[in-house]
Chemist: 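Sending over a structure as structure tokens; questions will come in a sec.
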Amino acid sequence: MEYVQLNNGVKMPYLGYGVYQVTPEECERCVTDALDVGYRSIDTAQAYRNEEGVGNAVTKSGIAREELFLTTKIWISNGGYDKAKASIEQSLNKLQTSYIDLMLIHQPFNDYYGTYRAMVEAYEQGKIKAIGVSNFHPDRLVDFCKFTDVVPAVNQIETHPFHQQSDAQMYMKKYGVQHESWGPFAEGRKDLFNNPVIKAIGDKYDKTVAQAVLRFLIQKEIVVIPKSTHKERMAENFNVFDFTLTEDDMKTISQLDEKESAFFSHADPKTVEYITGLGAV
Ligand code: NAP
């Protein structure tokens, strides 16, 4: 495993396992498989409604807590100081742990300054080892960094070969915020897994498209958390530390950047209406 040191000294694995769209029923089995494959970093969220499954798998695994890196995220409906504070306790209970390694504001909506105050408090109490944000696009992130005492350690945003987020990453580096990708495969959109350009590069190393994509992102100093419910794919996605893409390979994949979301824009009011309307957790 390769690690990055966050702006407060915490060490974070460059590769983790994400559980978005993993049902509560299936989550314990999936995380158990992921831990068995070798993953030690797990990314969940209050909104995924599967924190208990992560907690069950982690507890039953018997793996020492300090070997694990658990991330969760505070949902919009828990925005504001009081609700966020209560929701941090709920996440700790569901994850069956005395501390969370990384907690993120899931979306830049509702009273996220109040949410962050509760996170800073829990951080100072040692209940959270690092705090950060998600889906904060450069204008939001810069404003946020300017007016908070604790600069976010991480910003988790959509990042994959078709939306590489180079400008966003430039601002993250400027403010000392670690770039983390969500949707490293664009969830397979735009036929990513059959992309001929990435396939040709993967073939040179006897690696799949998925492996070449993860290697590309890691070499760009981006943390990745691919999701799969299939154990053999979890293993495939984990096996990316025994080859290195050349500068030419990196440049070739860079040229696939379409510089726009494969999903939606957070700047579009319709997206904001949709996401904020998803309901309470
Ligand atoms: P993703 O990792 O880009 O793609 C997952 C999809 O790819 C699934 O359909 C999976 O299918 C398939 N897949 C995985 N590995 C494969 C392989 N080796 N070969 C072929 N197909 C493969 O999408 P994501 O789950 O949206 O993103 C990853 C994680 O980021 C999430 O789980 C979550 O933790 C986080 N996330 C965060 C946000 C946010 O707002 N902060 C938003 C989205 C995601 P199977 O499961 O059937 O194998």
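In each ligand, atom 1 is the first atom listed, and ligand 1 is the first ligand listed.
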Chemist: At less than 4.0 angstrom from any non-hydrogen atom of G18, what atoms of ligand 1 do you find?
Modeler: 32 (O), 34 (O)
Chemist: Which residue and atom name correspond to the protein heavy atom nearest atom 39 (C) of ligand 1, and how close is it?
Modeler: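 Nearest protein contact, heavy atoms only, for atom 39 (C) of ligand 1 is W182 CD1, 3.4 Å.
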Chemist: Side chain, backbone, both or neither: which part of V19 comes within less than 4.0 Å of ligand 1 when only heavy atoms are counted?
Modeler: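 The answer is the backbone.
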Chemist: Which protein heavy atom lies closest to atom 47 (O) of ligand 1, and at what distance to 0.1 Å?
Modeler: H230 CE1, 3.1 Å
Chemist: Among all the protein's non-hydrogen atoms, which is closest to atom 11 (O) of ligand 1, and how far away is it?
Modeler: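 The closest one turns out to be R233 NH1, 3.3 Å.
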Chemist: What about Y81 and Y113, are their ring centers closer than 6.0 Å?
Modeler: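 Centroid distance Y81-Y113: not below 6.0 Å, so no.
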Chemist: Of the protein's non-hydrogen atoms, which lies at the shortest distance from atom 31 (C) of ligand 1, and what is that distance?
Modeler: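 Protein heavy atom with the smallest distance to atom 31 (C) of ligand 1: Y20 CB, 3.3 Å.
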Chemist: Where the side chain of K73 meets the backbone of T44, is there a donor-acceptor pair that is under 3.5 Å apart?
Modeler: yes
Chemist: So if I count the atoms of ligand 1 from 1 in the order they appear, which ones are less than 4.0 Å from some heavy atom of N135?
Modeler: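 Reading through ligand 1 atom by atom, the close ones are 39 (C), 40 (O), 41 (N).
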Chemist: When only distance counts, is K73 in polar contact with ligand 1, meaning an N/O pair under 3.5 Å?
Modeler: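 No, there is no polar N/O contact under 3.5 Å.
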Chemist: Find out whether the Lys NZ or Arg CZ of K11 is both under 6.0 angstrom from the six-membered ring centre of Y3 and within 45° of the ring's axis.
Modeler: yes
Chemist: As an exercise, identify every atom of ligand 1 less than 4.0 angstrom from a heavy atom of P226.
Modeler: 2 (O)
Chemist: Is the distance between the ring centroids of W75 and F109 under 6.0 Å?
Modeler: no
Chemist: I'd like to know if the side chain of R49 reaches the main chain of V281, judged simply by a donor and an acceptor atom lying under 3.5 Å from each other, with no hydrogens or angles considered.
Modeler: no
Chemist: Quick one: look at Q21 and ligand 1, take heavy-atom pairs under 4.0 Å, and tell me if it's side chain, backbone, both or neither.
Modeler: neither
Chemist: I want to know if ligand 1 touches S181 in the polar sense, i.e. an N/O pair below 3.5 angstrom.
Modeler: no
Chemist: Is there a donor in the side chain of Q211 and an acceptor in the side chain of N237, or the other way round, less than 3.5 Å apart?
Modeler: no
Chemist: Quick one: look at A210 and ligand 1, take heavy-atom pairs under 4.0 Å, and tell me if it's side chain, backbone, both or neither.
Modeler: side chain
Chemist: Show which atoms of ligand 1 fall inside a sub-4.0 Å distance from at least one heavy-atom site of A186.
Modeler: 3 (O)
Chemist: For atom 5 (C) of ligand 1, find the nearest protein heavy atom and state the residue, atom name and distance (0.1 Å precision).
Modeler: K227 O, 3.4 Å
Chemist: Could you tell me whether the side chain of E26 and the main chain of T23 form a donor-acceptor pair under 3.5 Å?
Modeler: no
Chemist: Heavy-atom distance to atom 26 (O) of ligand 1: which of Q211, E187, E180 wins?
Modeler: E187
Chemist: Have a look at ligand 1 and work out which part of S134, if any, has a heavy atom under 4.0 Å from it: side chain, backbone, both or neither.
Modeler: side chain
Chemist: Touching ligand 1 at all, Y48? Heavy atoms, strictly under 4.0 Å?
Modeler: yes
Chemist: Between the side chain of S41 and the main-chain N/O of G16, is any donor-acceptor distance below 3.5 Å?
Modeler: no
Chemist: What is the closest protein heavy atom to atom 37 (C) of ligand 1, and at what distance does it sit?
Modeler: Q156 OE1, 3.0 Å
Chemist: Hey, what's the ring geometry for Y39 with F238, parallel, tilted or perpendicular (30° and 60° as the breaks)?
Modeler: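 Y39 and F238: tilted rings.
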Chemist: How close does the nearest protein non-hydrogen atom get to atom 7 (O) of ligand 1, and which residue and atom is it?
Modeler: F193 CZ, 3.6 Å
Chemist: Which ligand 1 atoms does E236 reach within 4.0 Å, using its non-hydrogen atoms?
Modeler: 18 (N)
Chemist: Check whether NZ of the Lys or CZ of the Arg R65 lies under 6.0 Å from the centre of the six-membered ring of Y99 and within 45 degrees of that ring's axis.
Modeler: yes
Chemist: Among Q107, H106, R140, R117, which one satisfies side chain to side chain contact (heavy atoms under 4.5 Å, CB included) with Y112?
Modeler: R140
Chemist: When you measure from the side chain of E158 to the backbone of S181, do you find a donor-acceptor pair of N or O atoms at a distance under 3.5 Å?
Modeler: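 Not confirmed, E158 side chain does not pair with S181 backbone.
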Chemist: Taking N155 for the side chain and H179 for the main chain, is one N or O donor matched with an acceptor at less than 3.5 Å?
Modeler: no
Chemist: Please report whether ligand 1 has a polar contact with F185, defined as an N or O pair separated by less than 3.5 Å (distance criterion only).
Modeler: yes
Chemist: Do the non-hydrogen side-chain atoms of K220 and Q165 ever get within less than 4.5 Å of each other?
Modeler: no
Chemist: Quick check on G188 - does any of its heavy atoms sit under 4.0 Å from an atom of ligand 1?
Modeler: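 No; G188 lies far enough from ligand 1 that no heavy-atom distance drops under 4.0 Å.
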Chemist: Can you tell me which residue and heavy atom of the protein come closest to atom 34 (O) of ligand 1, and the distance to 0.1 Å?
Modeler: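 Among all protein heavy atoms, the one nearest atom 34 (O) of ligand 1 is D43 OD1, 2.7 Å.
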